[in-house]
Amino acid sequence: MLDIQTLRNDLAGVAARLATRGYTLDTAKFEQLEAERKTIQTRTQELQAKRNSTSKLIGQAKAKGADTSAIMAEVATLGYELKQLEEQLERVQHELNAFLSVIPNTPHASVPAGKSEADNLEVRKFGSIPKFAFEVKDHVSLGEELGGLDFDTAAKIAGARFSLLKGPLARLHRALAQFMLDTHTEQHGYMETYVPYLVNADSMRGTGQFPKFEDDQFHICADNLYLIPTAEVPVTNIVRDEIVALEDLPLKFVSHTPCFRREAGSYGRDTRGMIRQHQFDKVELVQIVHPEKSYEGLEQLLGHAETILQKLGLPYRIVKLCTGDMGFSAALTYDIEVWLPAQNTYREISSCSNFEAFQARRMQARFRNAQGKPELLHTLNGSGLAVGRTLVAILENNQQADGSVTIPEVLRHYMGGMEILRAS
RNA sequence: GGAGAGGUGGCCGAGAGGUCGAAGGCACGCCCCUGCUAAGGGCGCAUACGAGCUUAAACUUGUAUCGAGGGUUCGAAUCCCUCCCUCUCCGCCA
């Protein structure tokens with residue numbers, strides 16, 4: 001949510017910044033709603049003040065045992081108009097709120113202007129792209145030949161966009177999550193958290209999934225709960241409606257969770273393999289920081305995610321998303337894209353964003369500043385990393401001519417010393 | 001699932017239709033005393049929004065907010081209804 005004060009003071013400026021990300025702010029509507037709100041609110045408050053002061057007089061008169069019938073008749077006539085006004089005010093405020101809650105965040109000044117993925121800015125590359133003396137297979141072929149990846153059975157059990165992992169491949173998947181968690185807790189200073197995978201609507205609103213992206217979520221109707229699309233939702237909402245002590249900042253959390261996405265609107269995209277699933281595991285990094293430290297924190301968080309790829313020996317690049325490609329709540333986003341030989345391209349494996357106060361304002365997540373006043377925090381998060389896609393990257397990048405796959409050094413002790421995956 | 005108790009400021013906790021945005025305490029901030037690591041005294045200390053003043057802040061003032069929503073009333077933290085959440089006991093259960 002944007003700051004309504006900023007909208008009032010610099011509506012044209014905000015509209016211009018939003019236009020760079022392809023969002024047309026209906027400034028006329030905002031102005032009209034604001035004008036209405038102001039008129040109604042002023043009048044309502046006048047009447048309320050009158051009612052309150054008169055009622056106070058009644059109280060005083062009654063305490064003295066005086067007759068109050070005249071004064072009571074006078075105040076009684078206020079009732080009807082006041083009720084009308086209060087209803088109107090509520091309606092306008094709801095409308096304003098609905099209007100505000102679907103406006104995306106304003107991009108940071110350094111975000112390159114652009115319309116789509118094609119306009120993203122490559123920041124740096126790491127690692128060299130592997131050369132193969134044989135025809136590369138994709139992870140689906142590799143996984144099926146290894147006997148550990150079974151999409152047909154997954155489809156029988158649940159449907160399309162689910163996967164079934166078996167044997168060493170399932171173990172490698174677990175090993176990856178363990179390795180990521182251990183690295184972030186032991187080397188990067190994050191606190192491990194275990195969180196609910198079902199959340200309420202308030203939490204979804206807090207991080208910006210609601211109201212705009214309700215269709216993308218799995219909804220448990222009987223209990224009115226939602227499956228989390230990312231650990232960002234439960235973890236960031238830890239600080240919803242909280243006032244964090246200044247000395248406790250920054251808060252750094254890491255959490256390994258499954259993520260559930262309906263992928264409505266992506267029919268036909270990445271239908272083969274594990275790239276786009278209704279359910280996937282992710283290790284998520286979340287930082288709750290002082291507003292002056294958020295960009296510094298984002299660079300660090302990005303580095304923490306990169307470390308995982310470096311340790312795994314996977315080639316990747318960092319891309320700064322352009323205005324048109326950023327998510328709804330983000331002010332600045334770096335994507336980490338891992339090299340996938342079978343697709344001969346880089347594919348997103350992590351997305352690291354600074355939301356500034358956008359989520360904090362929705363959540364009323366604050367800290368007490370040096371003056372003792374509550375002030376909105378800044379929130380950051382990033383994948384560190386998407387486990388399924390990391391598995392895909394390892395299979396494809398580490399494949400051998402005979403269809404076996406070498407296990408990265410750092411994962412071997414999580415694999416009971418296994419060095420290579422082979423068809424049994 | 002059954003029975004009961006409860007949700008009040010950053011925290012604890014009183015209030016049980018009128019002068020209550022809410023006693024008292026803790027924490028915090030400023031000042032004083034003392035002088036040494038602990039204590040005494042004074043003052044201040046919720047948030048959001050509106051209006052005034054202003055470059056702005058500060059300030060003044062109004063309104064709303066005592067889990068949420070509705071109702072009764074001239075007036076609701078307080079009475080009534082619905083919902084949500086927490087706790088205790090019983091049942092079931094990984």
Side-chain angles (χ1 to χ4, degrees), chain A residues 1-10 13 30-101 194 196-206 210 220-226 234 237-249 251 258 288 290 357 360-377:
Chain A
M1 195 121 75
L2 296 179
D3 183 12
I4 194 163
Q5 299 288 4
T6 314
L7 281 162
R8 286 183 190 137
N9 295 336
D10 184 24
F30 178 76
E31 280 172 334
Q32 175 235 318
L33 282 172
E34 262 293 281
E36 243 178 273
R37 192 216 91 235
K38 210 163 179 171
T39 317
I40 298 168
Q41 184 168 346
T42 309
R43 180 70 186 139
T44 306
Q45 292 190 352
E46 270 170 26
L47 290 186
Q48 283 169 332
K50 187 163 180 203
R51 181 201 59 198
N52 289 349
S53 58
T54 315
S55 291
K56 217 166 253 187
L57 289 178
I58 294 172
Q60 286 165 1
K62 283 210 161 168
K64 286 183 217 146
D67 174 52
T68 56
S69 54
I71 198 166
M72 279 173 72
E74 184 195 330
V75 78
T77 61
L78 286 179
Y80 182 74
E81 191 186 356
L82 192 51
K83 191 164 185 158
Q84 301 292 308
L85 282 166
E86 281 172 344
E87 277 167 14
Q88 279 179 41
L89 184 61
E90 195 182 346
R91 203 168 52 238
V92 173
Q93 274 169 339
H94 269 121
E95 239 181 288
L96 252 176
N97 209 29
F99 180 83
L100 286 174
S101 62
Y194 171 79
Y197 301 159
L198 290 167
V199 299
N200 57 34
D202 284 341
S203 294
M204 286 292 204
R205 229 185 321 276
F210 282 7
I220 310 294
C221 300
D223 299 284
N224 208 17
L225 291 168
Y226 301 85
N237 274 279
I238 289 173
V239 294
R240 173 155 56 85
D241 295 320
E242 297 291 333
I243 298 180
V244 181
L246 184 60
E247 60 268 26
D248 292 337
L249 297 177
L251 296 173
I288 311 294
H290 190 285
R361 189 170 294 110
R362 291 171 166 251
M363 291 191 297
Q364 282 304 296
R366 297 169 294 175
F367 69 102
R368 217 167 268 286
N369 67 20
Q371 288 73 47
K373 291 285 165 203
E375 196 181 319
L376 293 172
L377 288 156

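Here the structure is a predicted model, which is why all the values come from computation and not from measurement. Numbered from 1 within each chain, the chains take letters A, B, ... in sequence-line order. Keep in mind that the numbers below use all heavy atoms, side chains included, and drop hydrogens, waters and symmetry copies.
- Look at A:N52 and you won't find any side-chain N or O under 4.0 angstrom from OP1 or OP2 of B:G75.
- Toward the 5' end of RNA chain B, the nearer of the two residues A:S53 and A:E87, judged by each one's closest nucleotide, is A:S53.
- Atom CD of A:E90 and atom P of B:A68 are 14 Å apart (whole Å).
- Between the A:N237 side chain and the A:S203 main chain, a donor and an acceptor come within less than 3.5 Å of each other.
- Regarding A:E242, its CD atom lies at a distance of 14 Å from the C1' atom of B:G9, rounded to whole Å.
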- Query: What string of B, S and - do you get for nucleotides 46-60 of chain B, 5' to 3', when a contact is any protein heavy atom under 4.0 Å?
  - Reply: -S-SSS---------
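- Evaluation of the salt bridge (charged side-chain N to carboxylate O under 4.0 Å, His left out) rule for A:E36 yields no partner, not counting sequence neighbours.
- Residue A:I243 is classed as a sugar-phosphate contact, given heavy-atom separations below 4.0 Å to backbone atoms only.
- Taking atom C1' on both B:C12 and B:U73, the two are 33 Å apart, rounded to the nearest angstrom.
- Residue A:L246 contributes atom CG, which lies 12 Å from atom P of B:G29 at whole-angstrom precision.
- Without hydrogens or angle criteria, A:R37 side chain to A:V92 main chain gives no donor-acceptor distance under 3.5 Å.
- Nucleotides B:U86 and B:U8, compared at atom P, are 14 Å apart to the nearest Å.
- Atom CD of A:Q5 is separated from atom CG of A:D10 by 12.5 Å, given to the nearest 0.5 angstrom.
- A:R51 has its CZ atom 9 Å from the P atom of B:U63, to the nearest Å.
- In this entry the distance linking CG of A:N369 with P of B:G29 reads 13 Å, nearest Å.
- Atom CD1 in A:I58 sits roughly 11 Å away from atom P in B:A76 (whole-Å rounding).
- Straight-line distance between the C1' atoms of B:A39 and B:U34: roughly 9 Å, to the nearest whole Å.
- Panel note: side chain A:S55, backbone A:N52; no donor-acceptor pair is recorded below 3.5 Å.
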- Item | Worked verdict on A:E46 versus A:R43 for salt bridge (Lys or Arg N to Asp or Glu O under 4.0 Å) | CA-CA 5 Å; A:E46 270 170 26; A:R43 180 70 186 139; 3.2 Å; yes
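- Between the side chain of A:R362 and the main chain of A:S101, a donor-acceptor pair closer than 3.5 Å is present.
- Comparing B:A38 with B:G42, their P atoms sit 23 Å apart, to the nearest whole Å.
- Distance A:D241 CG to B:C85 C1': 13 Å, rounded to the nearest Å.
- Atoms CG and OG1, on A:L89 and A:T42 in that order, are 9.5 Å from each other to the nearest 0.5 Å.
- Atoms CD (A:Q48) and P (B:U61) sit 19 Å apart, rounded to a whole Å.
- Atom C1' of B:A16 sits at a distance of 29 Å from the matching atom of B:A27, rounded to the whole Å.
- If you take atom C1' in B:A58 and the same atom in B:A68, they sit 36 Å apart, rounded to whole Å.
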- Message: Reading 5' to 3' and counting Watson-Crick or G-U wobble pairs with both distances under 3.5 Å, write the dot-bracket notation for RNA chain B, | for bases paired outside the strand.
- Response: ((((((((.[[[..)..(.....]]].(((((.......))))).(((((((......))))))).[[[[[..)....]]]]])))))))....
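- Distance noted for atom C1' between B:A14 and B:C20: 12 Å (whole Å).
- The closest side-chain heavy-atom distance from A:I243 to A:R366 is below 4.5 Å.
- Distance check: A:F30 CZ to A:I4 CD1 gives 4.5 Å after rounding to the nearest 0.5 Å.
- Across B:G13 and B:U88, the matching P atoms stand 16 Å from one another, rounded to whole Å.
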